[in-house]
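The next block holds one structure in the form of structure tokens; read it before the comments.
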Amino acid sequence: MAQGGDNWWRDGIFYQIYPRSFQDSDGDGIGDLAGILRRLPYVKSLGVDAIWLSPIFPSPMADFGYDISDYTGIDPLFGTMEDFDALLAAAHDNGLKLILDLVPNHTSSQHPWFVESRSSRDNPKRDWYVWRDPAADGGVPNNWLSEFGGSAWQFDETTGQYYYHAFLAEQPDLNWRNPDVRAAIYDAMRFWLEKGVDGFRVDVIWHLIKDAEFRDNPPNPHYVEGRPPNERILTQYSTDQPEVHDVIAEMRRVTDAYRDRVLIGEIYLPLHRLMAYYGNDLTGAQMPFNFALLSTFWSARSIETIVEDYEEALPKGAWPNWVLGNHDRPRVASRIGPEQARVAAMLLLTLRGTPTLYYGDEIGMHQLAIAPEDVRDPFEKNVPGIGVGRDGCRTPMQWDASPAGGFSGVRPWLPLPEDHIHWNVANLEADSRSILSLYRRLIALRKASPALVAGDYHPIAAQGDLLVYRREAEGTAMIVVLNLGPDPIAVTTSAIRFGSEILLSTFLDREGERLEGVLDLRGNEGVVVMQPHI
Ligand code: GLC
């Protein structure tokens, strides 16, 4: 299971590494590829199957690598192409797949394509980006807003037009209606595919195509004061246009020309819109990221509804996936608390669908409050003080109790929390009941169990803080019983048959316990139970 073959990305578990923060090997306080290589045995020891690296390409780092100035190079901060080749080879030698971050929606404003494009109105690359004349009053062409604050239009003195940037002004959007742009990005994809990378996580894939007429976006009637200013308008015309699916199908043909590659889409959209990203007849992304758990109210009933709605909405043959954290969202341990973080781990690793873990969640890393002088994230700098900052979930991996957590020998680019002296890999590895041990046990259990990897999902009726479901395959049934609250619960569902056996508790202290029809759960406890064969 989970070893190569067509199904590897369905059966496997993904692990996201934010390269700046995993391991510094050259003493500049910033993580790098050689550092990741050094820590590969740890990644392997978790039992995961694939690593996704956030961008490692040459970049002015205005948005920490999501502003690319060369799609086929490695930024010197992260190392050299030789370092990359060594990492890829070592990953493969260890049975790990390697996924890169493709950022096709925008480049850096310092990318040679944009430098050319902005140089004159008749430059051959002019139409590679989105240029518009000023409005009649000389102002911005329409009301579209940047996700990072302010108008999405930047006036360019040299040529007297505005260019569109969905994110920073340093991140001009490419014009995906232009076939030359498509061809150039597909060439970059092939460059990495030829090297043997196993696929791409495609950044903001739902942004690629914009309304052909650039109509004004409607106001958001549900805007809540205090939320980021870009939420004042909906993105009806600036994102999620029907033509985007043709582009994604094209991209998919690029990856499908190679064996066993995967296309993952970053998509923040409501369920019914998200499903379209599987594409007609599943010709779109194999894994349109499902971020429902990132923002849900953490209660048994909401999660039950989310899972059921998602399962029901999946197109025929489409494979589900689940995510608990990433480099843009507050750490799960802070969102729901450290006790529930263990329950969340059990949820993530027992649901039907490919799980993606975010580095550090397996050691319970929490969101760090960043002092104003330490803020690095451009989003927080542009829209300060309302909690949009992403630095707090990007802090260095906590390997040990030393001052820089074993991440670096010098002061890291972002601080570590003081409690890293307890919450670190070295400590938690030595503790057989730690969250890290729990993650390892859950991963091992999943991988050993066809019911958990590929079995059907059946919700089981429950009330209050209880979430219960059955996973079933090849005549084996696992019941997952999660207590999403702090109080003990005596579970008496008929699913807990006489003779059922606890395979794992989130407390890691009751494996092998035989149940006699009742299951006494402690507060914040989850268990995986195997039903007896009948
Ligand atoms: C995606 C990335 C985020 C980045 C943005 C712009 O949402 O995950 O980190 O800032 O795209 O590229």
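We're numbering straight along the sequence, starting at 1. Bear in mind the structure is a predicted one, so any value in this text is a computation, not a measurement. Just so you know, ligand 1 is whichever comes first in the structure, and atom 1 is the first atom listed for that ligand.
Residues satisfying the side-chain hydrogen bond (donor to acceptor under 3.5 Å, both in side chains) test with D156, not counting sequence neighbours, are R118, T159. Every ring-ring contact (aromatic ring centres under 6.0 Å, His included) that W131 has, sequence neighbours left out, goes to F114, Y163. Taking Y164 as the reference, W144, W153 meet the ring-ring contact (aromatic ring centres under 6.0 Å, His included) condition, with sequence neighbours excluded.
For the pair R39 and W399, the cation-pi criterion (under 6.0 Å, within 45° of the ring axis) is fulfilled.
For ligand 1, the 4.0 Å heavy-atom shell takes in D63, Y66, H106, F148, F167, Q171, R201, D203, V204, E266, H327, D328, R390, R394, ordered by chain and residue number.
Summarising the geometry, atom NE2 belonging to H111 is positioned 11.5 Å from atom CG belonging to D67; distances are rounded to the nearest 0.5 Å.
When only modelled atom types and interatomic distance are considered, D32 and S25 share a side-chain donor-acceptor pair under 3.5 Å.
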